[in-house]
Amino acid sequence: MKFLYHVALHSRKKVLTANLCCGNPNMKIDGRAYRTIWLSDDGRRVQVIDQTCLPFELVVVDLVRVEDAAHAIRAMTVRGAPLIGATAAYGVALAMAQDPSDAHLASASELLRKTRPTAVNLAWALEEMKRHLAAVPPARRRDEAFQHAALICDNDVAQCRAIGAHGHAIIKNLWAKQAEKKPLNILTHCNAGWLACVDWGTALAPIYTAHDAGIPLHVWVDETRPRNQGASLTAFELSAHGVPHTVIADNTGGHLMQHDMVQMAIVGSDRTTASGDVCNKVGTYLKALAAHDNGVPFYVALPSSTIDWSLDSGKDIPIEERDARELTHMSGKTAGGKIETIQVVPDRSPALNVAFDVTPARFVTGLITERGVCAADRTSLAKLYPEYSQAAAE
Ligand code: MRU
């Protein structure tokens, strides 16, 4: 893989610096551990992996101003619900370095809030930052904001690790029950791995944990049109970690389930309602239907920051509609190694690019959270999170 530079969003190019991450990262690319977001050595820049360049190039981007963070989320330089939240938190910190006034805190939060509508982690992280900073005098806000953003990132890592442990127990159980000791086939949609979070991932955390514990696994990776997060990001991550996997066209999962070639499906979520309806990358619903029809357990892995306690029905979740060009055009590597974009739809055909869909709770076998696994219903979620569900009811 091409491993080169470090580009600021406003086209300032630099050579890759030595410090590529903070904290204690677990996930590796070419043997080197990364998080998806970290602070530069001088503490002035937030650095992220540009996911639009993967899987062919590893490019690190500097975020210097709140506008850079907003652009990174909008343009999907960073994506995935938990990472969108983490980037928004650091976006507020960058805003406080620019101007720590109340007015700027409010306008910066608004700028960030408008970047993408569906993943609730964005609003959650902004509320968390505003709540924390409201009590801090402007002169101290910059430092407090960076510390709090770092805490949000560390908490996300801890939650994903816990999701990994709870999900591992499910995989272990399925493996123990399987009479024929062939590798367990797990299907996933989109990218809900470490690239979508700060480290570990949500849906992929149980897979990494089980793989590391020696359970033989094989992952069916939905390509996930139109942006191909499965083919370009999930496949990249699994490959880097040495997890056996096969990329499949989005329409293949149903057939594989009918032929007993999937023992479990596991996906992430961008927003889950208090009653357990799950919003995730478009196409998830069809996989849940096929899983239901074929008796394949369908799990959703999510941290509590993805639960929208204010919503009961998935029908009320705002669904993002993105530029049709993401559907009408595709990018990839040519035989000569150049990255090129081509059009795949006739010149005059319109296209509709709806980014997410909702899987009703009745098709979800279980929610894997940092506090454990529960049924996808209001009572079970409220039991796991009594403090949030009570606060929402008041
Ligand atoms: O549009 P994206 O790439 O931000 O969508 C991401 C997904 O749908 C993920 O599956 C989701 O965020 C799960 S969270 C790790």
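First listed ligand is number 1; within each ligand, the first listed atom is number 1.
- R131 and E144 are not joined by a salt bridge, as no carboxylate oxygen comes within less than 4.0 angstrom of a charged side-chain nitrogen.
- N191 and T234 share a donor-acceptor pair across their side chains, judged by distance under 3.5 Å alone.
- With a 6.0 Å cutoff to the six-membered ring centre and a 45° limit on the axis angle, K281 counts as a cation-pi contact of F356.
- For a heavy-atom separation below 4.0 Å, the residues in contact with ligand 1 are M76, R79, G80, A81, P82, R116, C190, N191, A192, A196, C197, T202, Q229, G268, S269, D270, N280, K281, F356.
- L187 belongs to a hydrophobic cluster whose remaining members, ordered by chain and number, are W220, I248, L256, M257, M261, V262, V296; membership requires side-chain heavy atoms of ILVMFWY residues under 4.5 Å apart, directly or through intermediates.
- Here R227 pairs with E326 under the salt bridge (charged side-chain N to carboxylate O under 4.0 Å, His left out) rule; sequence neighbours left out.
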Distance-only criterion, 3.5 Å: show the donor-acceptor pairs between side-chain atoms of residues 202-215 and protein atoms not counting sequence neighbours.
residue, atom, partner, partner atom, Å
Y208, OH, E237, OE1, 2.6
T209, OG1, A205, O, 2.6
D212, OD1, H241, NE2, 2.9
D212, OD2, H241, NE2, 3.4

